[in-house]
Participant: 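Got a structure for you, written out below as structure tokens; questions coming shortly.
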Amino acid sequence: MNITIIGSGYVGLVTGACLSDAGHKVICVDKDKSKIANLSRGQIPIYEPGLETLVKKNIKEENLSFSSNIKSSLNASKIIFIAVGTPTSLEGDNADLSQIYSCAKEISESLRDESIIIVKSTVPVGTCDRIEEIISEKNPTKKFEVISNPEFLREGSAIRDFENPDRIVVGTSSKNAIESIKEIYKRQIKKEYPIIFTSRKSSELIKYASNSMLAMRIIFINEIADLCEKVGANVEDIANGIGLDKRIGPHFLNAGPGFGGSCFPKDARALIESGEEFKAPQNLLKAVIDGNERRKLNLGDRILEVIGENKKVGILGVTFKANTDDMREAPSLSIIPKLLKKNINVSIYDPEANKENINEFYGAEWKDDAYSVAKNSDCLIILTEWNEFKELDLKKIKDIMTRPIIVDFRNIFSLKEMEDLNFEYHSVGRNTINTK
Ligand SMILES: NC(=O)c1ccc[n+]([C@@H]2O[C@H](COP(=O)([O-])OP(=O)(O)OC[C@H]3O[C@@H](n4cnc5c(N)ncnc54)[C@H](O)[C@@H]3O)[C@@H](O)[C@H]2O)c1
């Protein structure tokens with residue numbers, strides 16, 4: 001099938017690479033011309049394992065191409081994915097849909113008859129209806145479908161998730177659109193991954209409910225971890241104990257610094273806004289967002305309590321999770337400024353963080369490896385669970401630090417290991433080892 005994907009960020013690019021690999025002819029479009037120029041040369045603007053190889057392969061096989069010309073791209077295909085951003089609006093907590101609506105207007109100007117517009121971006125309930133209205137105003141006689149098909153991939157394992165989804169969700173009642181979707185996802189359907197056909201509104205809501213449920217689990221286990229610290233219990237044992245209950249399951253029960261990233265915070269906020277708009281308040285979610293914000297701010301205080309002021313601190317990891325370069329709403333953006341304000345000398349290492357435009361870290365020094373960060377520092381702080389941090393030579397780390405203190409917000413080291421090495425070790429929801 002000929003497919004145009006509008007928006008070539010994390011979701012659009014992965015979708016384009018995977019669908020072209022399945023044999024479709026895909027054009028990925030973006031309004032950012034320099035991004036498109038780089039992509040056409042096989043240069044990937046984001047860190048996502050396996051993506052560069054897949055993109056290069058499919059450019060070579062002439063299944064994948066890139067363009068900043070939406071009009072000519074739409075001339076080439078009747079299947080159009082929308083994968084542009086839907087960030088939190090600058091004015092409030094609702095989703096900023098300006099990229100979506102400008103995309104809808106551009107589509108309306110070059111629409112071919114019988115096109116199928118597939119909304120992959122995460123959009124509040126009712127947005128597909130509005131997209132349909134915008135396109136019909138300009139094309140009252142043309143036949144077209146707008147369908148919802150939210151994406152559930154995770155950064156860091158995006159290709160694996162796209163190719164092996166837990167489910168594909170499709171919101172449409174059109175038989176024609178259902179047939180096209182089955183052809184588009186023929187590879188996933190062949191492998192018998194579940195595909196759910198539902199209404200557009202249900203499909204839009206499934207995505208928000210899904211991310212919000214995961215955010216809730218994270219906040220829940222974090223609050224249990226706080227209690228564990230007070231009473232001397234171990235949150236990992238509790239996660240294991242509750243996770244073995246089949247009704248609960250083991251996933252998303254890792255205590256840590258709170259959730260961040262480009263999806264959970266913004267989607268939870270947008271769902272709260274939808275609840276307000278339709279007078280169905282999402283009270284649980286409001287508590288989740290408040291709890292997460294409080295946690296991120298409190299963590300800076302916890303570090304200060306451990307080390308005192310005017311000290312030298314090394315930070316390992318600033319991305320919101322491992323295996324991505326994405327810094328959007330990362331806990332580090334709240335924690336590091338707090339330390340800098342207290343005149344703490346901060347050095348940072350992250351294997352892949354996108355360092356552009358991070359004003360929050362002004363005054364901190366970026367280093368090229370973990371050992372340079374540890375050298376002469378009073379405290380090492382783990383903010384992201386990169387695998388390379390789990391494999392550090394801890395004896396060497398201890399020798400080059402001024403004081404052997406580790407604050408580990410990802411629980412990547414065992415208490416026993418830290419005790420044997422005589423570190424002062426603070427982790428989340430587990431007993432502190434204090435060797436002072
Ligand atoms: N990042 C994730 O892990 C993830 C996972 C699932 C769903 N989503 C959802 O997918 C959507 C996209 O997210 P993302 O992280 O890929 O965003 P992104 O910011 O990485 O990419 C969006 C791209 O769209 C381009 N764009 C914006 N308006 C355009 C227009 N009119 N024409 C052409 N290009 C345009 C931008 O230049 C940018 O490159 C969001 O709604 C997000 O919530 C994201």
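It should be emphasised that the depicted structure is a prediction, and the values quoted were computed from it without experimental measurement. First listed ligand is number 1; within each ligand, the first listed atom is number 1.
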Participant: Would you tabulate the side-chain donor-acceptor contacts of residues 335-342 under 3.5 Å, counting partners in other chains and residues two or more places apart, or write 'none'?
Facilitator:
from, atom 1, to, atom 2, distance (Å)
Lys338, NZ, Leu297, O, 3.2
Lys338, NZ, Asp301, OD1, 3.3
Lys338, NZ, Asp301, OD2, 3.2

Participant: State plainly whether the residues Lys321 and Asp326 are in salt-bridge range, i.e. N to O under 4.0 Å.
Facilitator: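 The answer is no: the pair does not qualify as a salt bridge.
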Participant: Would Lys120 count as being in polar contact with ligand 1, using the rule that some N or O on each side must be under 3.5 angstrom apart?
Facilitator: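 The answer is no, given that Lys120 and ligand 1 share no N or O pair closer than 3.5 Å.
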Participant: As an exercise, identify every atom of ligand 1 less than 4.0 angstrom from a heavy atom of Ser102.
Facilitator: 31 (N)
Participant: If you count the atoms of ligand 1 from 1 in the order shown, which ones are under 4.0 Å from a heavy atom of Ile6?
Facilitator: 32 (N), 33 (C)
Participant: Just which atoms of ligand 1 are under 4.0 Å from any heavy atom in Lys266?
Facilitator: 42 (C), 43 (O)
Participant: For Gly7, counting its heavy atoms only, list the atoms of ligand 1 lying under 4.0 Å from any of them.
Facilitator: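 Heavy-atom distances to Gly7 below 4.0 Å select 23 (C), 24 (O), 25 (C), 34 (N).
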Participant: To which protein heavy atom is atom 8 (N) of ligand 1 closest, and what is the distance rounded to 0.1 Å?
Facilitator: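 The closest heavy atom on the protein side is Val11 CG2, 3.4 Å.
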Participant: Is there a donor-acceptor pair under 3.5 Å between the side chain of Asp325 and the backbone N or O of Tyr47?
Facilitator: yes
Participant: List the closest protein heavy-atom neighbour of atom 40 (C) of ligand 1: residue, atom name, distance to the nearest 0.1 Å.
Facilitator: Thr86 OG1, 3.5 Å
Participant: Would one find an N or O of Lys207, backbone or side chain, under 3.5 Å from an N or O of ligand 1?
Facilitator: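 No - when backbone and side-chain N and O of Lys207 are compared with those of ligand 1, no distance drops under 3.5 Å.
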Participant: Any nitrogen or oxygen of Asp32, side chain or backbone, less than 3.5 Å from one on ligand 1?
Facilitator: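 Between Asp32 and ligand 1 (N or O atoms, distance only) the closest approach is not under 3.5 Å.
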Participant: When the side chains of residues 249-272 are checked against the rest of the protein, which donor-acceptor pairs come out under 3.5 Å, sequence neighbours left out?
Facilitator:
from, atom 1, to, atom 2, distance (Å)
Lys266, NZ, Thr86, O, 3.4
Lys266, NZ, Thr86, OG1, 3.1
Asp267, OD2, Asn211, ND2, 2.8
Arg269, NE, Thr88, OG1, 3.4
Arg269, NH2, Thr88, OG1, 3.1
Arg269, NH2, Glu329, OE1, 3.4
Arg269, NH2, Glu329, OE2, 2.4

Participant: In the protein, what heavy atom is nearest to atom 22 (C) of ligand 1, and what distance, to one decimal place, separates them?
Facilitator: Gly85 N, 3.7 Å
Participant: Closest non-hydrogen protein atom to atom 5 (C) of ligand 1, residue and atom name please, with distance?
Facilitator: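 Protein heavy atom at minimum distance: Leu153 O, 3.5 Å.
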Participant: Could you check atom 35 (C) of ligand 1 against the protein and tell me its nearest heavy-atom contact, residue, atom and distance included?
Facilitator: Val84 CG1, 3.6 Å
Participant: Considering only heavy atoms, does Cys263 approach ligand 1 within less than 4.0 Å through its side chain, its backbone, both, or neither?
Facilitator: side chain
Participant: How far is atom 25 (C) of ligand 1 from its nearest protein heavy atom, and which residue and atom is that?
Facilitator: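 Checked against all protein heavy atoms, atom 25 (C) of ligand 1 sits closest to Asp30 OD2, 3.2 Å.
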Participant: Could you find the nearest protein heavy atom to atom 19 (O) of ligand 1 and give me its residue, atom name and distance?
Facilitator: Arg328 NH1, 3.5 Å
Participant: Can you tell me if NZ on Lys142 sees more than 12 non-hydrogen neighbours from other groups inside 6.0 Å?
Facilitator: yes
Participant: Between Ile159 and Asp161, is any pair of side-chain heavy atoms under 4.5 Å apart?
Facilitator: no
Participant: For Ser121, which part has a heavy atom under 4.0 Å from ligand 1: side chain, backbone, both, or neither?
Facilitator: both
Participant: Determine whether a donor-acceptor pair (N or O, by modelled atom type, separation under 3.5 Å) exists between the side chain of Glu229 and the backbone of Gly429.
Facilitator: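 Yes, because the side chain of Glu229 sits within donor-acceptor range (under 3.5 Å) of the backbone of Gly429.
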Participant: Flag the pair Arg112 / Phe144 as yes when at least one side-chain heavy-atom distance between them is below 4.5 Å, and no otherwise.
Facilitator: no
Participant: Check whether any side-chain N or O of Ser89 sits under 3.5 Å from a backbone N or O of Glu91 as a donor-acceptor pair, and report yes or no.
Facilitator: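 Indeed, once roles are kept as given, a pair shorter than 3.5 Å links the two residues.
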Participant: May I ask you to check whether Ser174 and Asn176 show a side-chain donor-acceptor distance below 3.5 Å?
Facilitator: no
Participant: For atom 34 (N) of ligand 1, what is the closest protein heavy atom, and at what distance to 0.1 Å?
Facilitator: Lys31 N, 3.2 Å
Participant: Should the heavy atoms of other residues, nucleotides or ligands under 6.0 Å from CZ of Arg302 be counted, would the total exceed 12?
Facilitator: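 Yes.
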Participant: Which atoms from ligand 1 have a heavy atom of Glu106 less than 4.0 Å away?
Facilitator: 31 (N)
Participant: Could you list the atoms of ligand 1 found under 4.0 angstrom from a heavy atom of Glu155?
Facilitator: 1 (N), 2 (C), 3 (O)
Participant: Measure the CG-CH2 distance between Leu316 and Trp386 for me, rounded to the nearest 0.5 Å.
Facilitator: 12.5 Å
Participant: List every atom of ligand 1 that sits less than 4.0 Å from any heavy atom of Lys35, numbering the atoms from 1 in the order shown and giving each element.
Facilitator: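 Ligand 1 atoms under the 4.0 Å threshold to Lys35: 38 (C), 39 (O).
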Participant: Check ligand 1 against Glu151 and write out every atom of the ligand that is under 4.0 Å from a heavy-atom position of the residue.
Facilitator: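 Matching atoms, with element in brackets: 6 (C), 7 (C).
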